[in-house]
Structures are given as C-alpha cells and as structure tokens.
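When a ligand or atom number is given, it counts from 1 through the structure's own listing order. Just so it is clear, the values below take in all heavy atoms, side chains as well, and ignore hydrogens, waters and symmetry mates.
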Amino acid sequence: MTDFVSIVEVGPRDGLQNETQTLPTALRIEFINRLSDCGIPVIEAGSFVSPKWVPQMAGSAEVLTGINLLPGTRYPVLVPNLQGFQLAVAAGAKEIVLFTAASESFSQRNTNCSMAESIARLKPVAEQARTAGLRVRAYVSCVLGCPYEGDIKASAVATVCEQLMQLDCDEISLGDTIGAGTPSQASNLIKLLTTVTPVEQLAVHFHDTYGQALANILASLDAGIRTIDTAVAGLGGCPYAPGASGNVASEDVLYMLEGLGLETGINLQTLAVTGEWISKQLHRPNNSKAGVALCNQNK
Ligand code: HMG
Ligand code: MG
C-alpha cells in the first residue's frame, strides 16, 4: 500500500454551499487559487446544480473559468443531471462528480427523486462524460446514517456502489453526511464495500458532527483507503442534512498524516494561513484545531 494519500479539498463546494451568505465570485476564485498554491492535488471547484436549490453555488461557471488551472491539479465539479453536465462542460470541466444516496428520504430531499431514479438520471451523464473523456467521481451520501431515516444498512450502500461501478465511475466517495459514524462501523463498511469496489477506487468523506472524523479516517487508512475528502477550516455541511456540522478540517487531517509519515504534497503552513483567511472572509470561527494552533505559533 502506498505512502501517498490523495487529499480532495471540498471547501469551495461542500463548505461554501452551506454558508448563509453567498461568497462573491471573485472571492471564490481567490479561495481556490490560494488552495492550489498550497499544493492540494484535487480541489472541488463548484457545483452545477439548480441555483434555486443551492443559491450559494450559482456562478460556478464563472468560478471555473476564472481560476488559475495549475497543471497536475484537478478541479472536479458536482453535476446532478444532463443540464448541469452540459453547463459544466461548457465551462471547461475536465472532471465531474455525480451524487446519489443510500437513503430514499435523503435522495428525495436532496435531488427530488428516488434512489433508483437517481441512478437512471446519472446513467446518461456518466456515459456522455466517458465519451467526452472526462473523469467521473461519485458520492454516496448517508453511508453511516441518514438525518431522516437513522441507521442505514451497509448492504444498501454496497448496492449503490455496485450501480455506480456499472456506470464506470473512476472513484466513489463514501459520505458520512451527518458525521454519525464511528471507527468500527467505518472499517466494517469499507471491508464489505471492497467486495464490490476495489479499495483504490474508494474515498472517504467525513463530517465531524460527533467529533469522530479523525478516528474514522485512521480506521479507513487501516482498511486501505488512500483518498480522503477534507475542507480547510472545517467548512461545510449539507443544506439537506439538518444538524450536520462541517467536514473534517484539512489542516487537522494533514497534521495527523504527517505524524503518520504519510505524504500528501501539501504545505500545511500555507494551508493553515488559507484556513484563517477564508474564516475571516466568512466572518466565522476557524474550525480547524491544528490550523488555529499553527497560526497562533506564528504570531
Ligand atoms: P427538480 O426541481 O426536480 O428539477 O430538481 P427539474 O429538472 O424539474 O428542474 C426544475 C428547474 O431547475 C428548472 O428551471 C430547470 O431548468 C432547473 P425552471 O424551468 O423552473 O426555471 N435546473 C437546473 N438549473 C441549473 N443547473 C442544473 C439544473 N437542473 C435543473 N443542473 C435537481 C432536481 C437535481 C436539479 C435539484 O434537486 C438540485 O439541484 N439538487 C442539488 C442539491 C444539492 O446540490 N445538494 C448538495 C450537494 S450533495 C452533498 O452536499 C453531499 C456530499 O457532500 C456528500 C456527503 O456529505 O454526503 C456530496
Ligand atoms: Mg458533504
């Protein structure tokens, strides 16, 4: 197993989609450029969803065309349907992110369709993306619990992963949308899922509502996971997951990975400064403990 861990920074999408204020396009662009300069290999740049559903992500085309695209850095964008796909391609997207859920209620609230309808809706998007030579990432939400249904069966998550593999997705990110999971649940789920998806194609996406995210990531690393979604300053949440707190903070994960001797290619100091900067822009506290500690040391 490799010593390199690929961080997928989701702050500019999962983070900003949950803020009450909509950050101006120029600031979204500066945010992504700053993250690129930290050496982050993958940055979720925006979301081509309905602006009526998630107004904070309106203007993602201007963001994608306005950022400095660093060679070697990937800038995936969320796409819920063919309409979003066409808009993303027109804005120059090279990688799209599909999203679905392992919970019927969440699927309805998030995308206004059942789980089966969601896969049917995503199928032509995945096919067109493949034909156009785009990379396809996919999320499964509610893998360790649903805000509306409570516990979710691991077998339900496995079924969705199988369906996404049939759509020829390059990677599946497992979303603990409400941050309810614990390490043994995370590791048991990953063990089951590797029977339908190679571990190299799985990523984990933890929210930190119950303070379990770092422990869950450690358990996921032990289970062979090497791709981790994080958000600088612990930004985030989901507009359709009431009570869910932010994503695990990128700085905290990086600090832990460095302690484990795992490589990411990211400059932690620069990332900590970026976390402070975006927290100030959003007039919110910096939710990364490592980020706050590092910035205090440098004062
Ligand atoms: P709908 O209302 O059923 O869609 O929404 P529709 O096809 O009936 O269209 C209704 C209107 O939306 C039409 O406009 C369409 O043109 C427009 P009107 O005729 O009324 O003026 N529309 C669009 N506009 C722009 N871009 C589009 C688009 N599609 C339709 N792509 C839909 C269905 C899927 C569009 C809607 O439910 C939606 O946009 N949902 C997105 C919700 C969302 O973004 N949630 C957050 C992301 S998921 C997440 O955060 C979890 C994750 O982080 C992992 C985890 O933690 O679990 C990924
Ligand atoms: Mg999320």
(message) Would Arg121 count as a polar contact of ligand 1, with the cut-off being nitrogen or oxygen pairs under 3.5 Å?
(response) no
(message) Under 4.0 Å from a heavy atom of His207: which atoms of ligand 1 are those, numbered in the order shown and with their elements?
(response) 56 (O)
(request) Mind checking whether Met57 contacts ligand 1 via backbone (N, CA, C, O), side chain (CB onward), both or neither, at a 4.0 Å heavy-atom cut-off? (result) neither
(message) With a 4.5 Å cut-off on side-chain heavy atoms, are Phe85 and Phe48 touching?
(response) no
(request) Give the ring-plane orientation class for His205 versus Tyr139, where under 30° counts as parallel, over 60° as perpendicular and anything between as tilted. (result) perpendicular
(request) Tell me which part of Pro80 gets within contact of ligand 1: side chain, backbone, both or neither, using heavy atoms under 4.0 Å. (result) side chain
(message) Just to be sure I'm reading this right: ignoring hydrogens, which of Gly15, Pro51, Gly84 gets closest to atom 25 (C) of ligand 1? Compare them by their nearest heavy atoms.
(response) Pro51
(request) Output yes when the distance from some N or O of ligand 1 to some N or O of Asn112 is under 3.5 Å, and no in every other case. (result) yes
(request) Decide, yes or no, whether a salt bridge links Asp222 with Lys191 under the criterion of side-chain N to carboxylate O below 4.0 Å. (result) no
(message) Could you tell me, atom by atom, which parts of ligand 1 come under 4.0 Å of a heavy atom of Gln17?
(response) 46 (C), 47 (C), 49 (C), 50 (O)
(request) Return the option from Tyr139, Trp53, Phe85, Phe48 holding the heavy atom at the smallest distance from atom 36 (C) of ligand 1. (result) Trp53
(message) Restricting to N, O or S, what is the name of the atom of Asp14 that lies nearest the Mg ion (ligand 2)?
(response) OD2
(message) Within the 4.0 Å heavy-atom shell around Phe99, which atoms of ligand 1 are there?
(response) 48 (S)
(message) If the contact criterion is a heavy-atom separation under 4.0 Å, does Arg13 count as touching ligand 1?
(response) yes
(message) As an exercise, state the distance from OH of Tyr148 to CD1 of Ile178, rounded to the nearest 0.5 Å.
(response) 10.0 Å
(message) I'd like the name of whichever of Thr111, Asn110, Val49 reaches closest to atom 40 (N) of ligand 1 through any heavy atom.
(response) Asn110
(message) As an exercise, state the distance from CD1 of Ile190 to CG of Leu174, rounded to the nearest 0.5 Å.
(response) 6.5 Å
(request) Salt-bridge test for Glu30 and Arg34: reply yes if a basic N is under 4.0 Å from a carboxylate O, no otherwise. (result) yes
(request) For the pair Arg13 and Asp229, find out whether any cationic side-chain nitrogen is under 4.0 Å from an anionic carboxylate oxygen. (result) no
(request) Report the distance from atom OG of Ser118 to atom CG of Leu122, rounding to the nearest 0.5 Å. (result) 4.5 Å
(request) Show which atoms of ligand 1 fall inside a sub-4.0 Å distance from at least one heavy-atom site of Lys52. (result) 14 (O), 18 (P), 20 (O), 21 (O)
(request) Mind checking the CD1-CD spacing from Ile172 to Glu162? Nearest 0.5 Å is all I need. (result) 10.0 Å
(message) Any carboxylate oxygen within less than 4.0 angstrom of a Lys/Arg side-chain nitrogen, looking at Glu251 and Lys289?
(response) no
(message) Tell me the nearest of His205, Gln83, Arg137 to atom 16 (O) of ligand 1, using heavy-atom distances.
(response) Gln83
(message) Only heavy atoms of Ser141, strictly under 4.0 Å: list the atoms of ligand 1 that pass.
(response) 51 (C), 54 (C), 55 (C), 57 (O)
(message) One residue to check: Asp14. Relative to ligand 1, which of side chain, backbone, both or neither has a non-hydrogen atom less than 4.0 Å away?
(response) side chain
